[in-house]
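Everything below concerns the one structure shown next.
Chain letters run A, B, ... following the sequence lines, proteins first, then strands; residues in each count from 1.
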Protein chains: 2
Amino acid sequence: MNHMGLRERKKQRTRRALASAALRLFAERGYEETTIADIAAAADVSPRTFFSYFPSKEDVVFAEVDERLAEVRESLGQRSPDETPLESIRRIVLEIIEAIATAAGEYGAVQVQLIFERPSLQARALKRMNDTEQEVVDRLTELCPEIDEIDAVVISGATVGGMKSVITHCRAHGYDPAATRKAVDRALAIVERGLGSVPALTRPVSS
Amino acid sequence: MNHMGLRERKKQRTRRALASAALRLFAERGYEETTIADIAAAADVSPRTFFSYFPSKEDVVFAEVDERLAEVRESLGQRSPDETPLESIRRIVLEIIEAIATAAGEYGAVQVQLIFERPSLQARALKRMNDTEQEVVDRLTELCPEIDEIDAVVISGATVGGMKSVITHCRAHGYDPAATRKAVDRALAIVERGLGSVPALTRPVSS
DNA sequence: CCAATATATACACTTAATGCGACTTTGCAG
DNA sequence: CTGCAAAGTCGCATTAAGTGTATATATTGG
């Protein structure tokens, strides 16, 4: 299966070269200040070739995320035999969020910073979340064939939405890994037990 | 308050002219096939002027949504005195979702169709959702000053996320208003009572 | 080595978006 | 009413993203 010919390997190398050249230049000079021509030159290909690897300049920022996301999609299929659906959902969403939000590799920090400060990149990141959410709906209906369609959609939307928000908040406020983990656990608890389980919401107003 | 001088009124007229010209042309010829020059010509302004009203071609699609959203943000402040925070959240999120997702006016259907079929527009719509979610967090912490920061973030994220997904699903599958309302009610129930309240999730696997 | 196919490149082109200086309109104070 | 400052419009030039196309080059399988 993994017997990629020379052709495939070369493609992958070029892709990597483009991605890391791009991230490096973005870090050095800034995003707007780096042109496709610069990236292509740094990766030793023609500018035109850039677009046969990435549909746009913005997409190159997500090269690594997209790779990870593709892997996660594969591994999403098989589930541990004795999980309850609730546990499966939790595991699936956590895997996805980790793949999207965890910066890895040499340029992880650069990616995160870029996405936080460029609204258009933020929009594209949200789109990836959204697309992956559909994947969650599919897995969920596959897992519990008798589940109502609307229920599946809502469960996925609320869970992914809650996780997205908490992770983003933690990143934006510089939480350390321990605090982040604690926040994620809290988020899962709220989503699973409902807004009604949060005392501050049901208590009469304090004014 | 609403004593706009001639200048302001003229600006608003031009803005409207640009927006409706754009939407009309998008409907007639398609999005890509319509240039800024076309839009400007149809609105009788110079192409350069377009960009002093909208920062990009994509933003003109959201002209109406943004107006509504601005209104909603205003009215979000005052709350009925005897609401519980839970009820406030529900009301606030419903208002926002309605403002974003309910297509109104002559070109509502066009907007929705464009957003559904253009990934980049979808991304921008999601960004608007996301930005507005931050507003919800602010209102919520204002409403219950003693609430934990993380809790507020999770509650907003999960609620907005759930609503977004259910509304999108309904639109994509052509639900009529009655069915949509029913689905939204169901979504709110799940978010408020928790994933644990969905029988299909806690039942042992059916295989 | 050959033929089929996939990929890289050079070139031309469209158009979104921005900066700038000149010009026009509006608001307002005297 | 008049003139001045501010705001807005416009034309022009420029940059850079992204696409189509034809040509050249490299890879694969036979």
Euclidean distance, atom CG of residue D44(A) to atom P of dT7(C) [Å, nearest integer]: 20 Å

Atom pair distance, as rounded to whole Å: CZ in R15(A) and P in dA8(C): 12 Å

No-hydrogen, no-angle side-chain donor-acceptor test under 3.5 Å, S20(A) and E106(A): no

Rounded distance (Å) that lies between atom P of dA16(D) and atom CZ of F50(A): 15 Å

Nucleotide dT9(D), atom P - distance to CD of E8(B) in whole Å: 11 Å

Within 45° cone and under 6.0 Å: R128(A) NZ/CZ vs F62(A) ring: yes

d(CZ, R9(A); P, dA26(D)) in whole Å: 17 Å

For atom CD of E58(A) and atom C1' of dA17(C), their distance in whole Å: 14 Å

F54(B) CZ - dT9(D) P separation (whole Å): 12 Å

Set of side-chain hydrogen bond (donor to acceptor under 3.5 Å, both in side chains) partners for R24(B), sequence neighbours left out: E28(B)

Side chains of Q134(B) and N130(B), donor plus acceptor under 3.5 Å: no

Under 3.5 Å side-chain donor-acceptor pair for E133(A) and S165(B): yes

5'-most by nearest nucleotide on DNA chain D - S52(B) or P55(A): S52(B)

Quiz item: cation-pi between K57(B) and Y31(B), 6.0 Å / 45°: yes

Heavy-atom protein contacts under 4.0 Å, nucleotides 10-16 of chain C, coded B base, S sugar-phosphate only, - none: BB---SS

Phosphate contact (dT7(C) OP1 or OP2) by K10(A) side-chain N/O below 4.0 Å: no

Gap between atoms OH and P, on Y53(A) and dA6(C) respectively (whole Å): 14 Å

